[in-house]
Amino acid sequence: MALIKSISGIRGTIGGHSGEGLTPLDVVKFSAAFGQWLLQRQPANRTVVIGRDGRLSGEMVSKLVAATLQGLGLNVIDLGLSTTPTVELAVPGENAAGGIILTASHNPIQWNALKLVNEQGEFITAEDGAEVLAIAEEESFQFVDVKKLGQYRSDDTWLRRHIDMILALPLVDREAIARKNFRIVVDAVNSTGGIAVPMLLEALGVERITKLHCEPTGNFAHNPEPLPENLRDIIKEMEKSDYDLGIVVDPDVDRLALISEDASPFGEEYTLVAVADYVLKNRPQNGKPGNTVSNLSSTVALRDVTQKAGGQHFASAVGEVNVVEMMKDKEAVIGGEGNGGVIYPELHYGRDALVGIALFLSHLAKFGKLASIMRRMYPSYYISKNKIELTPGIDVDAVLERIKTRYAKNPINTIDGVKIEFDKEWVHLRKSNTEPIIRIYSESDTQSTADYLANKIISDIKEVLAEKL
């Protein structure tokens with residue numbers, strides 16, 4: 001069992017003992033802490049929006065969260081089966097004080113989580129998260145008497161409103177998409193993307209849609225993280241029929257992976273690259289080129305595309321809240337993360353697979369050629385993604401410091417872990433915010449070199465650990 005408290009929210013496995021997993025007691029405790037924090041910030045605003053993905057524990061967790069918030073005197077608007085970006089849009093749309101999204105994102109079926117957003121519909125900062133955790137630790141909750149209990153109402157209209165807002169974006173060209181008569185297959189891993197993505201495609205004028213794992217039962221048909229090794233079902237479907245594109249989303253629909261017509265993965269890293277290329281080339285010009293932001297673990301292909309368009313690319317610490325903060329500071333017109341997370345501020349500051357789909361299809365329709373040909377337009381880089389499990393007693397910060405010392409002659413970025421620059425390659429080491437691991441990402445212009453760099457660093461880490469024993 002596991003319970004992880006971080007700036008990403010409260011994430012854990014369902015069941016077990018309180019404090020060791022995401023039990024009903026833990027759900028109530030942290031929901032109450034967040035509700036109390038909202039009341040301290042905005043005593044007059046007593047509205048909170050909640051929504052959930054399709055996982056098996058979602059309904060149970062949702063009922064616990066809603067009842068807890070009502071016990072604090074907060075009024076709950078429950079979107080029910082929804083998506084993370086939909087809840088993010090609904091919070092300011094309902095003039096709510098904040099929101100709770102019940103999803104463990106890409107984590108397997110036994111996990112669930114409370115993702116916390118502020119009144120802007122954006123993930124709370126690390127400082128705000130620390131305040132929420134302090135309230136939870138102290139259990140300093142003030143529940144109301146029976147005559148002041150909060151109200152509850154369900155609202156299933158926000159997904160359609162979300163899609164309408166996407167259709168209204170100037171760079172989303174519904175007519176061009178409809179004219180292409182695309183044939184598309186969707187894999188939504190039996191979560192809420194099975195509702196949202198087909199609804200969006202139909203609104204965009206796509207009539208030939210094949211649904212794969214689109215029943216939101218919560219029984220994930222495969223590992224829900226949209227990595228190449230988990231895309232076998234959709235690739236097999238595309239190999240036996242004639243499709244223009246495959247679309248894969250994670251359970252809460254904030255990450256987007258694409259499959260080209262030849263059944264080859266477009267590349268999760270290249271979702272943002274292609275969409276950014278389209279936005280940079282087609283956005284209304286205001287006298288200055290557009291800037292972009294991605295995190296330190298994302299491909300430098302976005303930098304290449306941005307510079308080609310005359311803009312500047314900036315790299316932030318890993319984590320959506322860090323990307324958003326830098327996007328605002330650098331006035332970026334688009335940004336996101338290399339895990340298929342597209343952030344388009346003209347709609348909202350949050351990863352949104354739905355707006356990513358609409359922009360990509362607009363790009364593909366106007367491009368007029370196959371998706372595989374589009375992919376070959378972009379610089380080819382290869383990322384090797386690895387991890388090392390942590391064990392009790394390991395001082396991870398000391399390990400990273402020793403690695404930094406070993407490579408002191410190379411350019412090093414330490415705003416988030418340790419990123420070591422080589423000639424055309426890089427390696428990024430960091431502690432995960434959501435899992436007990438060290439992530440080791442490396443990139444090069446060949447897969448073999450990227451793998452070699454990652455394995456070299458892994459070997460260095462093992463040597464450091466051996467020295468410390």
Side-chain angles (χ1 to χ4, degrees), residues 8-9 11 13-14 22 51-62 79-87 101-113 115 159 162-163 184-202 206 209-241 243 245-260 263-269 271 337-342 350-357 360 385 434-435:
S8 300
R11 184 178 305 228
T13 51
I14 297 297
L22 190 63
R52 65 183 179 91
D53 70 13
R55 61 187 62 232
L56 294 174
S57 60
E59 185 175 5
M60 177 195 73
V61 173
S62 179
L79 307 192
L81 288 171
S82 190
T83 77
T84 285
T86 304
V87 177
I101 309 160
L102 312 175
T103 174
S105 191
H106 63 275
N107 287 100
I109 195 169
Q110 67 268 31
W111 289 79
N112 211 329
K115 288 187 175 182
L159 187 53
H162 182 179
I163 290 171
I184 296 175
V185 58
V186 177
D187 179 351
V189 72
N190 288 335
S191 189
T192 48
I195 302 170
V197 176
M199 185 185 296
L200 170 68
L201 294 176
E202 290 169 5
V206 178
I209 305 167
T210 298
K211 300 177 184 180
L212 185 66
H213 309 318
C214 282
E215 290 295 324
T217 62
N219 286 303
F220 298 154
H222 53 76
N223 186 307
E225 188 166 14
L227 300 176
E229 59 267 29
N230 302 325
L231 307 181
R232 296 187 184 95
D233 290 353
I234 192 170
I235 288 173
K236 186 181 297 184
E237 171 65 27
M238 295 187 72
E239 286 175 339
K240 70 182 184 182
S241 192
Y243 293 99
L245 190 69
I247 293 175
V248 184
V249 293
D250 65 338
D252 66 326
V253 199
D254 63 354
R255 290 173 60 175
L256 171 63
L258 303 166
I259 312 294
S260 296
S264 65
F266 195 84
E268 196 181 24
E269 290 282 337
T271 299
E337 299 185 285
N339 58 12
V342 174
R351 292 184 305 181
D352 189 332
L354 298 179
V355 77
I357 291 167
F360 183 87
K385 297 184 178 183
T434 58
E435 299 175 77

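These values consider heavy atoms only, across backbone and side chains, with no hydrogens, waters or symmetry-generated copies. As the structure is a prediction and not an experimental result, all values here were calculated from the model.
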Qualifying residue, where the test is side-chain contact (heavy atoms from CB on, under 4.5 Å) with Val186 and the options are Thr210, Ile209, Leu212 =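 Of the listed options, the one satisfying the test is Ile209.
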Walk me through it: do Glu239 and Ile235 pass the test side chain to side chain contact (heavy atoms under 4.5 Å, CB included)?
-> CA-CA 6 Å; Glu239 286 175 339; Ile235 288 173; 3.7 Å; yes
Lys115 with Asp252: basic N within carboxylate O range, under 4.0 Å =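 Asp252 and Lys115: salt-bridged.
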Under-4.0 Å salt bridge between Lys385 and Glu269 =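 Result for this pair is yes, salt bridge flagged.
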If the condition is side chain to side chain donor-acceptor pair (under 3.5 Å), which residues does [X] pass it with, not counting sequence neighbours?
{"X": "Asp254", "answer": "Arg351"}
{"X": "Asp233", "answer": "His213"}
{"X": "Asn190", "answer": "none"}
{"X": "Ser264", "answer": "Asp262"}

Determine whether the side chains of His162 and Asp352 contain a donor N or O and an acceptor N or O closer than 3.5 Å.
->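 Short answer, yes.
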Show the numbers, then the answer: is there a side chain to side chain donor-acceptor pair (under 3.5 Å) between His106 and Asn339?
-> CA-CA 11 Å; His106 63 275; Asn339 58 12; over 6 Å; no
Do Leu159 and Met199 pass the side chain to side chain contact (heavy atoms under 4.5 Å, CB included) test, and can you show the C-alpha distance, the side-chain angles, and the key distance before you say yes or no?
-> CA-CA 9 Å; Leu159 187 53; Met199 185 185 296; 4.0 Å; yes
From CA spacing to verdict: side chain to side chain contact (heavy atoms under 4.5 Å, CB included), Leu200, Ile357 = CA-CA 9 Å; Leu200 170 68; Ile357 291 167; 3.9 Å; yes
Has [X] got a side-chain atom pairing as donor or acceptor with [Y]'s backbone, closer than 3.5 angstrom?
{"X": "Ser260", "Y": "Ala263", "answer": "no"}
{"X": "Thr192", "Y": "Pro251", "answer": "yes"}
{"X": "Arg55", "Y": "Asn219", "answer": "no"}

Flag the pair [X] / [Y] as yes when at least one side-chain heavy-atom distance between them is below 4.5 Å, and no otherwise.
{"X": "Ser57", "Y": "Ile14", "value": "yes"}
{"X": "Val342", "Y": "Thr271", "value": "yes"}
{"X": "Thr83", "Y": "Asp53", "value": "no"}

Which heavy atom in Val189 sits nearest to a heavy atom in Val249, and how many Å separate them?
->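 What the structure gives for the nearest pair is CG1-O, 4.0 Å.
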With sequence neighbours left out, which residue pairs that include part of residues 213-228 fulfil the salt bridge (Lys or Arg N to Asp or Glu O under 4.0 Å) condition?
->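 Residue pairs passing salt bridge (Lys or Arg N to Asp or Glu O under 4.0 Å), neighbours aside: Glu225-Arg255.
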Does the side chain to side chain contact (heavy atoms under 4.5 Å, CB included) test come out yes or no for Leu231 and Val248, once each step is laid out?
-> CA-CA 8 Å; Leu231 307 181; Val248 184; 3.7 Å; yes
For Glu59, does the CD atom sit with more than 12 other heavy atoms under 6.0 Å from it, leaving out its own atoms?
->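 No, the 6.0 Å shell around CD holds no more than 12 heavy atoms from other groups.
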Sequence neighbours left out, what passes ring-ring contact (aromatic ring centres under 6.0 Å, His included) with Phe360? Give chain and number order.
->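 Expected list: Phe266.
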